Amino acid sequence: MDGETKVNTAVKADQVKLTSLELRRKAKRKETLKKALTYTAFVGPALLFFLVIQIIPFFMGVYYSFTSWNGVSSTVQWVGLENYITIFTKDKTFFNSFWFTTKFMFAAVIISNLIGFGFALLLNTALKTRNILRTAFFIPNVIGGLLLGFIWQFIFVKGFASIGKTTGIEFFQLPWLGTENTAFWGIVIVFAWQISGYMMVIYIAALQGVDNSLLEAAKIDGANNWTLLTKIIIPLILPAFTICFFLTISMAFKIFDLNVSLTGGGPFNSTQSVAINIYQEAFQNNRYGLGTAKSILFFLVVALFTTIQVWTTKKKEVEA
Amino acid sequence: MDSRYTKKTFVLEIIGILLAILFLIPFYFVLVNSVKGFAEILIDAAAWPKEFLFSNYVKVWEIINFPRAFWNSLVITVFSNLGLVIISSMAAWKMVRTPGKLSKILFIFFVSAMVIPFQTVMIPLMKLGGVLGITNSIPGLILMYFGFGVPLSLFLYHGFVKTVPIEIEESAKIDGCSQFGVFWRIVFPLLKPITVTVVILNTLWIWNDYLLPLLVLQDAELRTIPLAASSFFAQYTKQWDMGLAALVLGITPIIIFFLFLQKHIIKGIAAGSIK
């Protein structure tokens with residue numbers, strides 16, 4: 001080829017290269033756009049409902065907590081930190097609820113997990129009735145907290161009374177839901193009854209993951225059952241403890257349905273959980289601003305408790 | 001697990017059975033007294049009924065309009081499940097197949113919301129719901145369950161999608177399948193096990209839910225079973241004979257559901273929680 005044609009060809013080649021580069025860029029942009037649209041189509045609906053139903057109301061709640069809104073009027077007055085100050089200085093009922101809920105949480109979590117773990121250990125042996133027993137222990141968890149509370153209201157008020165009369169055992173003759181102390185333990189008992197089966201199922205799954213040969217080897221080395229349990233089994237299933245404690249702590253602290261139907265917060269608001277307190281503040285006292293402020297604090301505490309708990313048990317998991 | 005059936009195992013068996021009977025005694029009390037007359041309950045709540053007053057059930061059935069309440073509960077539970085399965089599985093799959101910062105942040109965002117207590121959201125949600133026109137209606141309630149159920153459902157699907165081999169999807173894409181085709185015709189059927197878990201967990205929660213329907217459903221005819229049973233109990237306080245019949249009616253559907261699906265339920269809870 002002569003010089004000019006060479007240059008022309010070179011220029012033409014460059015132009016072709018440029019155009020094909022442009023085309024490739026255009027195609028890539030189109031593909032990126034298509035990918036973005038597809039992503040939005042797939043993830044969008046879930047994200048949309050999640051934002052509208054939970055996240056937006058959450059931030060609205062933060063806003064309302066700084067106002068004195070009563071829930072109906074269209075004018076909303078900004079009051080700054082006044083609601084929060086009221087909660088910490090003037091609202092004794094809220095702190096009583098808080099104290100009750102915290103006490104309840106500790107008692108309920110410990111007892112439920114002890115029972116659940118105990119059942120799991122029992123059902124991890126070669127019993128013939130294993131499946132039936134597992135179903136039996138789990139059924140209370142299937143019924144919602146509300147109806148469960150009504151059932152136990154009857155048991156405590158009438159059922160125990162009958163047993164007490166027939167057997168004469170003082171335990172059953174106490175006015176269970178009538179005195180503050182026994183009402184507290186009443187709720188703990190019912191909550192444990194409801195949730196132990198659930199915990200049991202998780203613990204059983206974890207126990208079945210424990211390698212039997214490890215246990216056999218330890219037994220040959222002379223370990224007794226207690227050592228087997230504490231030194232081998234429990235450390236191996238620590239993740240199950242993390243999950244169960246996480247679940248029971250948040251469920252116990254947020255308790256509402258069961259509380260409403262079993263005691264209604266009584267006697268004398270002694271068993272009024274934080275959740276009930278917030279509900280009453282908003283829907284009975286019509287102090288929505290104060291109610292949302294309390295609910296924000298509630299959220300912070302629940303988040304704090306669960307974070308601490310997961311962090312501590314995760315640390316133990318790593319150490320084990 | 002020691003698989004030898006020794007004397008010790010037999011003793012444990014007996015203990016287990018006794019514990020189970022003890023555990024289920026409340027049900028005995030409820031059933032037995034639901035067919036007694038009021039006076040008989042007061043005399044001795046532990047005794048076997050002298051005669052079976054099924055009229056208690058008939059009365060309660062009519063007063064709380066049980067068929068209507070059952071229908072409401074059913075519609076809400078079924079459609080909420082449908083929606084949650086569809087939108088959660090789609091979102092989870094896309095997020096897993098599009099690794100990167102966006103998907104990771106979104107995932108943490110979804111899951112961390114599980115800590116938010118309902119009380120923190122309920123008041124503004126009622127206000128927002130009123131503005132959007134979704135209060136006091138069953139479809140509105142269903143939409144709300146979509147929003148509340150996404151975190152858990154998405155979390156469960158997210159963990160499970162990873163077990164679907166990506167080669168199947170890629171060969172389908174080469175064959176000319178669209179993204180939607182790949183998902184619905186190939187991936188979703190493979191997600192069946194986790195879908196069962198998701199449906200069961202959502203059903204147990206939604207069917208028994210109390211506070212959200214209480215706040216959203218104002219009309220009496222929209223009431224779900226928990227609402228109907230509790231309003232009955234509140235109205236007929238201490239009328240144990242009818243109250244207990246109402247309770248039995250209230251808990252029977254979900255117990256039947258559970259007994260039919262118990263193997264799946266228990267397997268699903270164990271699997272979902274360990275993840």
Side-chain angles (χ1 to χ4, degrees), chain A residues 38-39 42-43 45-46 49-50 52-54 56-58 60-61 64 122 124-129 133-139 142-144 146-147 150-152 154-155 158-159 162-163 166 198 201-202 205 212 243 254 256-257 261 275 278-279 282 288 291-292 295-296 298-299 302-303 306, chain B residues 1-3 5 9 12-13 16-17 20 23-24 26 29-30 41 44-46 87-88 90-91 93-95 98 106 110 113 115-117 119-121 123-125 128 143-144 146-148 150 154 179 204 208 210-211 226 229-230 233 240 244 247 250-251 254-255 258 262 266 269-270 273-274:
Chain A
T38 326
Y39 194 82
F42 273 88
V43 181
F49 284 109
F50 177 63
V52 171
I53 302 294
Q54 287 208 62
I56 294 182
F58 179 73
M60 282 169 70
Y64 282 133
L122 177 68
N124 199 34
T125 55
L127 300 178
K128 291 214 177 98
T129 50
L133 290 184
R134 195 188 54 188
T135 307
F137 291 134
F138 192 79
I139 281 194
V142 168
I143 308 170
L146 188 75
L147 298 183
F150 286 136
I151 290 178
W152 275 91
F154 177 70
I155 301 288
K158 281 277 164 283
S162 299
I163 302 181
T166 335
Y198 193 91
V201 164
I202 299 178
N212 215 30
I243 297 162
K254 296 193 260 180
F256 183 79
D257 295 10
S261 56
I278 295 177
Y279 176 83
Y288 277 52
T292 38
S295 70
I296 301 291
F298 188 45
F299 160 70
V302 173
T306 45
Chain B
M1 178 176 72
D2 193 354
S3 45
Y5 200 84
T9 326
L12 286 177
E13 186 110 47
I17 297 178
F23 214 64
L24 296 182
F29 272 95
V30 170
I41 300 179
D44 187 357
I87 67 177
S88 308
M90 280 172 68
W93 178 69
K94 219 16 162 146
M95 283 165 66
T98 318
L106 276 181
F110 277 120
V115 183
I116 301 180
Q119 274 70 20
T120 312
V121 165
I123 301 166
L125 178 62
L128 184 62
L143 292 181
M144 291 192 195
F146 288 174
F148 282 112
V150 159
L154 192 138
Q179 285 284 288
L204 286 181
N208 289 319
Y210 175 61
L211 189 51
S230 71
F233 225 79
W240 297 115
L244 292 177
L247 285 181
I251 67 178
I254 195 75
I255 289 194
F258 169 68
Q262 34 161 317
I266 294 189
I269 290 177
S273 305
I274 298 292

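As the structure is a prediction and not an experimental result, all values here were calculated from the model. Note on naming: letters A, B, ... go to the chains in the order of the sequence lines (proteins, then strands), and numbering restarts at 1 for each one.
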Indicate the atoms forming the closest heavy-atom contact of [X] with [Y], along with that distance.
X	Y	answer
A:A46	B:A91	CB-CB, 3.8 Å
B:P26	A:W152	CG-CZ2, 3.5 Å
B:L143	A:I53	O-CG1, 4.0 Å
B:F29	A:G159	CE2-CA, 3.7 Å
B:K94	A:F42	CG-CB, 3.4 Å

By a 4.5 Å heavy-atom criterion (distance strictly below it), what part of [X] contacts chain B: side chain, backbone, both, or neither?
X	value
A:I151	both
A:F299	both
A:T306	side chain
A:I155	side chain

Return the option, out of [options], with the maximum number of heavy-atom pairs under 4.5 Å with chain A.
options	value
B:L24, B:L125, B:L106, B:V121	B:L125
B:I17, B:L154, B:N208	B:N208
B:S230, B:P226, B:G250	B:S230
B:V30, B:L211, B:I254	B:L211

Among [options], which residue has the highest count of heavy-atom pairs closer than 4.5 Å to chain B?
options	value
A:F298, A:F154, A:Y279, A:F256	A:F154
A:F49, A:F150, A:Y64	A:F150
A:A275, A:G291, A:A303	A:A275
A:L122, A:I143, A:I278	A:I143

Legend entry - Flag side-chain contact, heavy atom, 4.5 Å: A:V201 against A:F137: no
Inset, instruction - Could you tell me the separation between the CG atom of B:L128 and the CE atom of B:M144, rounded to the nearest 0.5 Å? - result: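 Rounded to the nearest 0.5 Å, the CG-CE separation comes to 8.0 Å.
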Legend entry - From B:F148 atom CZ to A:F50 atom CZ, the distance as rounded to the nearest 0.5 Å: 10.5 Å
Inset, instruction - Could you tell me whether a side-chain N or O of B:T120 sits under 3.5 Å from a main-chain N or O of A:S295, the two making a donor and an acceptor? - result: yes
Legend entry - Interchain contact, B:L244 with chain A, by part (heavy-atom threshold 4.5 Å): side chain
